[in-house]
Every structure is written in C-alpha cells, then in structure tokens.
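Atom set for the values below is all heavy atoms of this structure, side chains included, hydrogens, waters and symmetry mates excluded. FYI, the numbering just counts along the sequence from 1.
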Amino acid sequence: MRYFDKTGLYYLPLYLGLLFFASSLTPTLIPRSWLIQGVLGGLVMGLGYLIGRSAVTLWRLMALPEPRGRVAVTLRIATGLPVAGVVALCLWQARDWQNSIRSRMGMELEENVETLQTVAVALAVFALLLLLGRLLLWLFDRVRFWLYRYMPARTANVAGFALTGFLLLVISRDGLLDRVIASLDTSMTIAQKLFDDAPPAPRGEMITGGRGSLVSWEALGEPGRNYVMQGPSAADITGFTTRPAMQPIRVYVGRAQAETPQERADLALAELIRQGGFDREVLIVAMPTGTGWLDPGAVDPVEYMHGGDIATVAVQYSYFQSPLALILETESGLEQAKALIDAVHDHWRSLPRETRPRLYIHGLSLGAWSSMHGTGLYAFLDDPISGAFWAGPPFPSGLWQSIIASRDAGSPASAPSLRDGQLVRFATHTDDGGGPRGWGPMRIMFLQYASDPIVFYEPASVFRAPDWMNEPPAPDVSPHLLFMPVVTQFQLAVDLALANTAPEGHGHAYYAPDYIGPWVAVTDPRDWTPEDTRRLIAHCSAGFRMGCDHNQPER
C-alpha cells in the first residue's frame, strides 16, 4: 500500500514530528547548546514521525474512511497552520528558555540565537533517521519476500518482522555492541595507568601501597593512587585547626588487585586493620563512582573536622564512567558494596562498644546507590551504625525511592522532610541539613540538587509528568518547564548525559562546601562550632591544600 497519496492523512506524521521538535525546545534541568538541541530535536522529530506513521498505518489496516480532495486539503491547512505557529513560537522562545536555566545557575547568558544551525542539525538528524528507517524496511521486505516461498503471506509477514528484529539484535548486541564494550573496557584499563605505568611507590609504611602494605601499589590504578596520596596531611589539618592533628588513614583496593568482590573486601579489611583504622574515632566506608574516583571535596573536609582522627576505606569495582558502569556493570558495584560493608561491619561488631569507632557509610552518585544497597537491615535493627551520608543518589536507588515516597504531605521531592528529622534529613545547595542537634541514635543524610537529573530522572515520564515538575520550581530550576509525553523522557535522557557539565553546586556537579554542613550534622565533630564551619567553607571555597578545588571531571 502506498503511503504517499492525496488523502488528508499524508501530512499528519510530519506535523506530529514538528510538534515533537517544538516541544524539545522547552527547558528541562540542564542547559543545552544549539548543537545538542539540534540533535535532540531531530531525534524526537523522527520519533514523532514514526508514531504518526504507525497511527496512520493502523488506521488503514482497520479500513477506516480517509478524507480526500478538498476535505483533505482543508484538513492539511487547518492542522498545518497551528503547527507552524507552535514551531515558530518555540524557536522564538528557545533562547529565553535556556537562559532561564543559565541565569539560575549563575552562568553567562546566551546573547545570540543559533536558530538556523539548530534547525539544520535537526533536519540532518531527521533525514538520517528516515534513511535508517528505509534501510530497515528494505531488510524486512527482503526477509518476508523470501519467506513467501515457504508460507502464506500473513504468516510470512509476522515471521519476517520477528526474524528482522532478531537479526538486528544479534548484530547490535553480539557484534557491534560487544566490540564497543570491549574497546571501552580496554581503554579504561589503560586509563587507570596500571602496573608498568605506575609512578614509584611511596616509602612510608602507614600508607596504602607503601612498604609493608598488603595492597599492591601498581594495582591501585590512578584513582586509588591519587586518593591515598593527595589528602590533607596532619600538618595541613593542624595549620587550619591550630590544634595537634593525626594523619588520616585512607585505605583503597583497586579492581585489578583481586578477581572477586569478596577477595577485594577481605583485603581492604586486612589493610584497614594493619593501619589501625579501627582505633580511630571515626570510620567511614566509602564507595567510589564507576571509575573508582572518590570526590576529594567530600572526603577532605570531614578529615579536617575530626582533626585527622579518622579512617576511610574504599574498593574499586569498575573502570567505566558511572553512566556506563550503571548500564554495563550494574551488579559489580552492588556486589562490591555489600561485600565491603559486610566485612567491615562484621569486624566492627566484634569490637567492644566503648572503644570501637563511630561507623558511617558514604557514597556519591553510583557510589551512593551501591552503598545504599550494601547497607542492609542489620545496620538499622541489630547493631546500628552511627549513620550514612549519600550525595547525588541515582534515581534507581530503592532506599532513596522509598524515603521520597514516605515524605511529609506537601513536602517537595527536591527538598523533602520526614516527620521530625530524627532519622533522615535532606540537604541541598541552599540547606545544610539542619545541624547536629535533634537526631535519634542513627543519622541518615542525603545531599541532592534540585537540578540533578541523575537524581530526578523519571522512567515513567514517557506518559506522565514527574512529581517535581508539578511542584513550585526550586531556585535553580526553570519556571518554564512543560511536560510533553515521550518528548520529556528524551529531554531528561539528554540531561542525564549533560549532568556533569553544570556549574558546581548544580546538576550533578557536587560542590565541596555543600558537603561540609551535612558532614557536621551527621558526624557531630567534637568541639566544633558554627564559626569553624564558616572557616572551613571559606577555606574549601578558596581551593587551598584540600583537593576541595573539586571542579575536576569525574575520572
């Protein structure tokens, strides 16, 4: 059946595609450049066209009447003019919409409108998708025509469709995708600068990878070596606090150190014991991001707060960036977190209550998700840990989702409150979590930015608006949000990819000073004052010898 005919249905798929393109120009959480906007617009335009064409095909399969002649022309004009008006209006408003995000994030405003470039890129992407669709249709025709020799036409059509889909799956997953993943894995392993490319090992004995260490310096990888070497020294901490300080303990085990999560966890525990981690006042089990990176802006401040009387232990579980690790190595982080937290917690429980350290769990991004998974009910019911501090929890995190669902009525999803805040609190870029008073025996803190799509992406936004879209916009969220079925889902998916490009303090770029108030609230440092908090924020903001100049990419 020919699709290009003179009925009034001819232009409807194109009109739907144009409406999708126009909707894609509206703002979501992260500002987009004209190039990204063009690619997004072309993608959703092609999707809208596909949906429209599928609807027209279904209409014809049902043998429903179609407008023709003058009625068809009238229908085209009656629907085409409003569509053209919507597209023109959205193109006109696109710069102001993007600037409404940029202004709230303190970014430089866009002065020029790259309308022609945006439209050109969108049309190019749309044309490419049409070509791809034609190639897939050609493949389907070849398969079903071949099957006509052996079975009835209707059966051949169904079987041809299934066989074509299977061929595409095999080609993409077992061919192209596997090769891409393998090359990424190789490149990430090389990027870790393992073994022969490692710099000389440290000479000290009380450092991970040094003399007498149970952990191989070469197998630490670059993230691990940076972590154990670049933290504040006892002298740095004394210089800030003016009081005698201890050298913080940092234990790290690289993924290349052992084959299984349990082996790596057992080695981390043994190294932690060797360095005397359980003799410190505070012990933190920290899960890194996908690459093994631990944010110095999150770890350095808490070491200052406690005068260095603190130990932190972490284990790497992947070489991929967090988005790839989330997709391709989902179980790796979860298994590693559970193995490490169980190992440390079991040993901690065996120690006398009056002498063992206060135990906390910490993680950023994928590290937050995995460490939430690894923090089982035993931590809450049997022998409670002191608390947990999770930053940028990814949207699939089950514990985070259940807490958000239990928030007080009328409490916004971006900054929720839970009853009297004795167990769970939320901090944001403008709220430090309420300080160290008013807690129960265990303290759980979340740090999340309202503009962080890693946190607030909603898979169900294909057909319904996320809760936060129906709430008054947070300070760094555009007031011009508009939900559009299907389109919003793709906009938020692009936001996910751009999450780390936002200025610090917005998106997924968690800012060192924003960790300080929550850490004070959760760990309640001894003899710590509000003035100390202000001084540490200023110290961290100035980017002194802290690693708090954390405006570096997630490695």
Derivation and outcome, side chain to side chain contact (heavy atoms under 4.5 Å, CB included), residues Tyr457 and Leu29: CA-CA 10 Å; Tyr457 174 79; Leu29 295 176; over 6 Å; no
N/O donor-acceptor pair under 3.5 Å between Arg443 side chain and Gly387 backbone: no
Stacked cation flag Arg535 on Phe240, 6.0 angstrom / 45 deg: yes
Backbone of Pro357 reached by a side-chain donor or acceptor of Trp348 within 3.5 Å: yes
Distance-only polar pair, side chains of Thr488 and Glu458, donor-acceptor under 3.5 Å: no
Single hit among Ile101, Thr28, Thr26 for side-chain contact (heavy atoms from CB on, under 4.5 Å) with Ser478: Ile101
For Phe278, the option from Leu351, Leu359, Thr355 that meets side-chain contact (heavy atoms from CB on, under 4.5 Å): Leu351
Lys/Arg N to Asp/Glu carboxylate O, Arg356 vs Asp383, below 4.0 Å: yes
Pro396 backbone acceptor or donor facing Trp400 side chain under 3.5 Å: no
Which atom of Thr523 lies closest to which atom of His306, heavy atoms considered: OG1-NE2, 3.0 Å
Close side-chain approach of Met229 and Ile207, heavy atoms under 4.5 Å: yes
Heavy-atom side-chain contact between Ile404 and Asp467 under 4.5 Å: no
Inter-residue atom distance Leu272.CG - Arg250.CZ, 0.5 Å rounding: 14.0 Å
Any Ser414 side-chain heavy atom under 4.5 Å of Phe456 side chain: yes
Parallel, tilted or perpendicular: rings of Tyr304 and His539 (30°, 60°): tilted
Aromatic ring pairing His506/Tyr449, orientation class (parallel under 30°, perpendicular over 60°, tilted between): tilted
Under 3.5 Å: donor-acceptor pair, side chain of Asp309, backbone of Glu281: yes
Validation row: Pro223, Leu294 side chains within 4.5 angstrom (heavy atoms): no
Asn99 side chain to Asp96 backbone, donor-acceptor under 3.5 Å: no
Any donor-acceptor N or O pair under 3.5 Å, side chains Trp34, Glu110: no
CG on Leu364 to CG on Asp295, rounded to 0.5 Å: 6.0 Å
Contact summary for Gln316 and Gln336, nearest pair of heavy atoms: O-OE1, 4.1 Å
Where Ala343 and Asp266 come nearest, the two heavy atoms and their spacing: CB-OD1, 4.4 Å
Side chain Thr428, main chain Thr430, donor-acceptor under 3.5 Å: yes
Candidate list Glu271, Gln275, Glu205, test side-chain hydrogen bond (donor to acceptor under 3.5 Å, both in side chains), partner Ser213, passing option: Glu271
Ser541 (side chain) donor-acceptor with Ala538 (main chain) under 3.5 angstrom: no
Donor + acceptor pair across side chains of Asp452, His508 (<3.5 Å): yes
Heavy-atom side-chain contact between Val299 and Tyr227 under 4.5 Å: yes
Exam field: side chain Arg280 to backbone Gly276, donor-acceptor pair closer than 3.5 Å: no
Donor + acceptor pair across side chains of Asp495, Gln491 (<3.5 Å): no
Worked check of salt bridge (charged side-chain N to carboxylate O under 4.0 Å, His left out) between Glu531 and Arg534: CA-CA 5 Å; Glu531 176 59 27; Arg534 287 190 287 270; 3.1 Å; yes
Gly209 to Trp217 - nearest heavy-atom pair and separation: O-CB, 3.5 Å
CD1 on Ile537 to CG on Asp432, rounded to 0.5 Å: 7.5 Å
Side-chain heavy atoms of Asp476 within contact of His429, under 4.5 Å: no
Ionic contact status for Glu335 with Lys338, cut-off 4.0 Å: no
Minimal non-hydrogen separation, Arg419 against Ser406, with atom names: NH1-O, 3.7 Å
Under 3.5 Å: donor-acceptor pair, side chain of Thr312, backbone of Ile284: no
Atom pair CG (Leu423) and CD1 (Ile444), whose distance is rounded to the nearest 0.5 Å: 4.5 Å
Tyr317 and Leu366: CA distance, side-chain angles, deciding distance, side chain to side chain contact (heavy atoms under 4.5 Å, CB included) verdict: CA-CA 11 Å; Tyr317 53 87; Leu366 199 57; 3.7 Å; yes
Under 3.5 Å: donor-acceptor pair, side chain of Tyr515, backbone of Leu447: no
Side chain to side chain contact (heavy atoms under 4.5 Å, CB included) assessment of Arg437 paired with Asp524: CA-CA 9 Å; Arg437 302 293 174 259; Asp524 194 10; 3.6 Å; yes
Euclidean distance, Arg95 CZ relative to Gln98 CD, rounded to 0.5 Å: 12.0 Å
Stepwise side chain to side chain contact (heavy atoms under 4.5 Å, CB included) test for Trp293 and Asn226: CA-CA 9 Å; Trp293 180 73; Asn226 289 343; over 6 Å; no
Minimum heavy-atom distance Phe483-Ser461, with the two atoms named: CE1-O, 3.2 Å
Within-4.5 Å side-chain heavy-atom neighbours: Gln230 and Pro296: no
Test ring-ring contact (aromatic ring centres under 6.0 Å, His included) applied to Phe389 and Phe446, Trp519, Tyr360, the passing residue: Trp519
Pairwise distance OG(Ser370) to CG(Leu340) - rounded to 0.5 angstrom: 9.5 Å
4.5 Å side-chain heavy-atom contact, Ile361 and Trp390: yes
